[in-house]
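What follows is a short report on a single structure.
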Amino acid sequence: MNETASTPPARDLLPRHIGIIMDGNGRWAAKRGLPRKMGHQEGAKTFGKIVRYARDLGIGAVTVYAFSTENWKRPRDEVDALMDLLRRYLGELRQHKDDNARLLILGDRNPLPEDLRQTILQAEQESRENTGITVNVALNYGGRDEIVRGARQLAEACLKGELRPEEIDEERFSAALYTAGQPDPDFIIRPSGEMRLSNFMLWQAAYAELIFMHVLWPDFTPEHLNWALWEYAGRNRRFGGV
């Protein structure tokens, strides 16, 4: 199956918000007899390239799944390599202000190294006025964990008398999530051939179009994104209607 296209759809057919599960880095490295961290390095290059391309197309937001709450189970050297890649990306983001990207980190930051938490905070503050594209990096993130966190936040508000249980609706619950204030993803791409969400944006993905592609993330190109965008443009999004 040809999963590439040379040109994207017209701008009025594009989604506002794309979610990407960046999968296949380890398999990409294994196929070449390389350490897994080399796959993550190539995947990081692909991430920067695809985000810039999405920005140039006029897509408002991209959320990438960089590190899940379950990924701590991986070998220590692989986890350390992923954290170093994030440090490198944040440094590049702060140097290339002309990218006009707003950065937000989604997930529980408490277990992260102190220097990384400080760098994240600085990068978010420095980019908060940027308007070119919002880049959400899901780091130490899990969809179920996010929902539980939001439920606890609302429960605490009820206990304090700031909120009545009957006032909790979908809009208020969405405001308690990491993506508060942002539109839900219109579609979610998962490369590598796997066909599951893997605990990614479970609440926000309620009506997202899902696209699964048979390409490993480090090999993912703008032409692959174009193909996915054409697939999205051809879907009939009824949101439960007819």
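Computed from heavy atoms alone, side chains included, the values below leave out hydrogens, waters and symmetry copies. Nothing fancy with the numbering, it's 1 onward along the sequence. These figures come from a predicted structure and were not determined experimentally.
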Shortest non-hydrogen contact from [X] to [Y]?
X      : Y      : value
Leu139 : Leu112 : CD2-CD1, 3.6 Å
Ala29  : Gly39  : CB-N, 3.7 Å
Asn140 : Asp108 : ND2-O, 2.7 Å
Pro191 : Ile21  : CD-O, 3.0 Å
Phe200 : Ala138 : CE1-CB, 4.4 Å
Arg87  : Asp115 : NE-OD2, 2.8 Å

Do the side chain of Glu78 and the main chain of Pro75 share a donor and acceptor less than 3.5 angstrom apart? no
Whether the side chain of Tyr141 engages the backbone of Met201 through a donor-acceptor N/O pair (distance < 3.5 Å, no angle test) should be reported. yes
Without hydrogens or angle criteria, can the side chains of Ser192 and Trp217 be said to hold a donor-acceptor pair below 3.5 Å? no
Ignoring hydrogens and angles, state whether a donor on the side chain of Gln118 or Gln122 is under 3.5 Å from an acceptor on the partner side chain. no
Is Trp227 reachable from Met22 through a run of I, L, V, M, F, W or Y residues, each pair having side-chain heavy atoms under 4.5 Å apart? yes
Using a strict cut-off of less than 4.0 Å between a Lys/Arg side-chain nitrogen and an Asp/Glu carboxylate oxygen, indicate whether Glu42 and Arg32 qualify as a salt bridge. no
Before giving the answer on side chain to side chain contact (heavy atoms under 4.5 Å, CB included), spell out for Asn199 and Tyr65 the whole-Å C-alpha distance, their side-chain angles and the decisive distance to 0.1 Å. CA-CA 10 Å; Asn199 205 16; Tyr65 205 3; 4.1 Å; yes
Just say parallel, tilted or perpendicular for the rings of Trp72 and Phe67, cut-offs at 30° and 60°. perpendicular
Is the [atom1] atom of [X] crowded by more than 12 outside heavy atoms at less than 6.0 Å?
X      : atom1 : value
Arg152 : CZ    : no
Glu114 : CD    : yes
Glu162 : CD    : yes
Arg144 : CZ    : no
Lys49  : NZ    : yes

Ring pair (Phe, Tyr, Trp, His ring centres under 6.0 Å) pairs, two or more places apart, involving residues 3-40: none
Is there a side chain to side chain donor-acceptor pair (under 3.5 Å) between Gln182 and Gln204 once you walk through the steps? CA-CA 10 Å; Gln182 298 189 52; Gln204 299 90 333; over 6 Å; no
Run the side chain to side chain donor-acceptor pair (under 3.5 Å) test on Asn226 and Tyr53 for me, step by step, so that the C-alpha distance in whole Å, both residues' side-chain angles and the decisive distance to 0.1 Å come before the verdict. CA-CA 10 Å; Asn226 288 341; Tyr53 184 67; 2.7 Å; yes
Going by heavy atoms in the side chains, are Leu86 and Thr119 under 4.5 Å from each other? no
